[in-house]
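Report on the structure given below.
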2 protein chains.
Amino acid sequence: MADRAQYEELMRQLSAIGSVRRELGRILPGGCSSVAATVLALLGHDGDMRIGRLAELLAVDMSVTSRHVAHLAARGWIDRSPDPADRRSRILRLTPEGRAMLTELSAHTARTLARRLSGWSDEDVRRLTCLMARLRESFEDPWTGREPWAEQPPGTAQDPGAGPSDERPPRTPAVTT
Amino acid sequence: MADRAQYEELMRQLSAIGSVRRELGRILPGGCSSVAATVLALLGHDGDMRIGRLAELLAVDMSVTSRHVAHLAARGWIDRSPDPADRRSRILRLTPEGRAMLTELSAHTARTLARRLSGWSDEDVRRLTCLMARLRESFEDPWTGREPWAEQPPGTAQDPGAGPSDERPPRTPAVTT
DNA sequence: TATTGTTATACTCTATAACTATA
DNA sequence: TATAGTTATAGAGTATAACAATA
């Protein structure tokens with residue numbers, strides 16, 4: 001439990017971290033946008049998945065994900081084959097071109113970060129990565145009482161209506177205009 | 001010096017951290033936008049300053065900053081008094097209303113983070129804050145620092161058109177249309 | 001001429017709502 | 001009726017460029 005000044009400092013750093021994201025997104029190879037790179041990385045890391053699952057990993061609305069996916073598909077980097085088990089869904093999969101682009105992106109990322117983080121120890125890079133992952137988990141499903149950083153089997157995450165918490169709906173409270 | 005998988009993991013976390021920022025920005029009091037809150041926090045923390053300095057702290061273009069500042073001023077949270085030393089500039093300063101809003105925001109931030117980070121140790125909060133600050137510093141002005149990671153001969157550092165280097169201009173390379 | 005700030009315009013990313021097609 | 005995905009529209013945030021006023 002930290003004090004207020006510490007929370008404010010964390011808040012400032014969270015606001016400022018966007019500049020790093022923007023800088024990393026400026027010079028992507030192959031006309032690849034920042035989100036496109038993220039989608040390719042997720043598909044490469046987690047394997048084929050449905051739109052809904054991708055939206056969950058991106059932590060954005062499915063409509064947004066759908067648009068991004070359409071863009072990637074138009075570039076020929078992924079394809080959307082119908083899911084035989086549920087014909088409402090489509091399975092996203094990297095094409096060979098998408099995989100090639102991912103390889104290029106991966107090399108580019110490694111080069112850029114190796115340069116910018118040249119003074120960092122292996123240990124500090126790992127520490128920062130872990131703490132950011134834990135931070136994100138701390139902001140997931142706060143109304144269920146579980147401890148996200150304890151090892152939970154994936155799939156037990158969503159249980160709407162379970163938590164007697166005091167903080168209600170995660171969605172935006174309607175426009176104030 | 002970390003390996004490629006570690007850099008990729010860091011990249012994924014950097015992409016994903018936006019969800020935390022968005023979540024924190026959803027429920028701001030007083031019709032305060034995310035950027036407005038950041039501006040108020042910076043003025044409260046660092047004191048009165050000019051637009052250019054604020055743009056630097058926000059790590060965005062001055063034109064963007066100017067727009068945000070105009071918005072804050074219209075809300076009555078800051079005022080822009082002319083700088084007697086340089087009449088091109090204006091000094092940004094919190095109004096009493098702005099200070100009141102900042103107090104409210106600060107309390108809100110502390111409450112929210114205390115709840116979401118209830119399982120975190122004081123030490124881990126501090127560690128994450130420090131590592132994020134350091135990450136941001138690692139991405140500032142990389143071309144003026146000139147570390148030995150580049151095999152560039154000395155003297156070709158900031159000379160556009162001098163070397164056939166593949167990693168030059170920090171700015172967006174102009175619209176390709 | 002260079003610098004500080006402003007405005008106009010365009011682009012990226014996101015959310016809400018209305019829609020379809022399956023389940 | 002409920003769910004998976006799509007599309008339309010709106011909003012927030014940013015960058016570039018052209019401009020104004022001052023140094």
Side-chain angles (χ1 to χ4, degrees), chain A residues 15-16 18-28 31-39 49-56 58-74 80-92 158 160 169-177, chain B residues 15-19 21-28 31-39 49-56 58-74 80-92 169-177:
Chain A
S15 301
S19 69
V20 173
R21 250 180 67 92
R22 287 196 300 278
E23 180 64 26
L24 283 168
R26 269 189 241 282
I27 39 167
L28 261 32
C32 199
S33 75
S34 195
V35 176
T38 302
V39 168
M49 63 183 79
R50 300 183 307 170
I51 303 267
R53 171 61 179 155
L54 181 59
E56 200 178 307
L58 289 171
V60 299
D61 194 85
M62 202 192 295
S63 66
V64 177
T65 309
S66 177
R67 180 186 278 280
H68 291 317
V69 159
H71 193 247
L72 279 267
R80 298 173 280 188
S81 49
D83 184 348
D86 182 344
R87 284 188 314 204
R88 294 173 302 181
S89 292
R90 304 210 255 177
I91 304 293
L92 308 179
Q158 339 275 72
R171 287 295 150 213
T172 304
V175 244
T176 55
T177 319
Chain B
S15 301
I17 211 69
S19 68
R21 249 181 69 92
R22 287 197 300 277
E23 180 65 26
L24 283 167
R26 270 189 240 281
I27 40 168
L28 261 31
C32 200
S33 74
S34 194
V35 176
T38 302
V39 169
M49 65 184 77
R50 301 182 306 170
I51 303 268
R53 171 62 178 155
L54 180 60
E56 200 178 308
L58 289 170
V60 300
D61 193 87
M62 202 194 293
S63 67
V64 177
T65 309
S66 177
R67 182 189 276 280
H68 291 318
V69 159
H71 193 247
L72 279 269
R80 297 174 280 188
S81 50
D83 184 348
D86 183 343
R87 285 188 313 204
R88 293 172 303 181
S89 291
R90 303 209 258 178
I91 304 292
L92 308 178
R171 290 293 149 212
T172 304
V175 245
T176 55
T177 320

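Chain identifiers are assigned alphabetically (A, B, ...) following the order of the sequence lines, protein sequences preceding nucleic acid strands; residue numbering begins at 1 within each chain.
Taking atom CZ on A:Arg53 and atom C1' on D:dT3, their separation rounds to 18 Å, with Å as the unit. The CE-P distance, from A:Met62 to C:dT16, rounds to 14 Å in whole Å. If you measure from atom CG of A:Leu72 to atom C1' of C:dC13, you get 14 Å, rounded to the nearest angstrom. Between the CE atom of A:Met49 and the P atom of D:dG5 there is a distance of 12 Å, given to the nearest Å. Here the P atom of nucleotide C:dT12 and the CG atom of A:Leu28 are 13 Å apart, to the nearest Å. B:Arg88 places its CZ atom 8 Å from the P atom of C:dG5, with the value rounded to the nearest Å. When rounded to the nearest whole Å, the span between CD of B:Glu23 and C1' of C:dT14 equals 14 Å. Between A:Ile91 atom CD1 and D:dA4 atom C1' the separation is 12 Å, expressed in whole Å.
Distance check: A:His68 NE2 to A:Ser63 OG gives 9.0 Å after rounding to the nearest 0.5 Å. A:Leu72 contributes atom CG, which lies 13.0 Å from atom CZ of A:Arg67 (distance to the nearest 0.5 angstrom). Put simply, CG on A:Leu54 and CD on A:Glu56 are 10.0 Å apart, with the number rounded to the nearest 0.5 Å.
Contact between the side-chain N/O atoms of A:Ser89 and the OP1/OP2 oxygens of D:dG5 is found at a separation under 4.0 Å. OP1 and OP2 of C:dT4 both lie 4.0 Å or more from every side-chain N or O belonging to B:Arg87. For B:His68 and D:dT14, the shortest distance from a side-chain N or O to OP1 or OP2 is below 4.0 Å.
With D:dT22, D:dT6, C:dT16 as the choices, the nucleotide that has an atom nearest any side-chain atom of B:Asp86 turns out to be D:dT22. Each of D:dA4, D:dT6, D:dT16 was ranked by its minimum atom distance to the side chain of B:Ser63; first place goes to D:dT16. Proximity note for B:Ser66 (side chain, C-beta onward) versus C:dT4, C:dT14, C:dT7: the nearest is C:dT7.
Between A:Arg90 and A:Asp83, the closest side-chain pair of non-hydrogen atoms is not below 4.5 Å. The shortest side-chain heavy-atom distance between A:Val60 and B:Arg22 falls under the 4.5 Å cut-off. Using a 4.5 Å heavy-atom cutoff, the side chains of A:Met49 and A:Ile91 are not in contact.
Looking at heavy-atom distances under 4.0 Å, A:Arg90 makes contact with sugar-phosphate atoms alone, never a base. When heavy atoms are screened at a 4.0 angstrom cut-off, B:Arg67 is found touching base atoms of the nucleic acid. Heavy atoms of B:Arg80 sit under 4.0 angstrom from primed sugar atoms or phosphate atoms, though from no base atom. Residue A:Asp83 is classed as having no contact, given no heavy-atom separation below 4.0 Å to the nucleic acid. Within 4.0 Å of A:Val35, counting heavy atoms only, lie sugar-phosphate atoms of the nucleic acid but no base atom. Residue-level contact check: B:Ser34 touches the backbone only, with heavy atoms under 4.0 Å from sugar-phosphate atoms and none from bases.
Both A:Arg21 and A:Pro84 sit near DNA chain C, but only A:Arg21 has its closest nucleotide nearer the 5' end. Each of A:Ala85 and A:Leu58 was assigned the nucleotide of DNA chain C with the nearest heavy atom; the assignment lying further toward the 5' end belongs to A:Leu58. Nearest-nucleotide assignment on DNA chain D puts the 5′-proximal partner with A:Gly52, out of A:Gly52 and A:Arg22.
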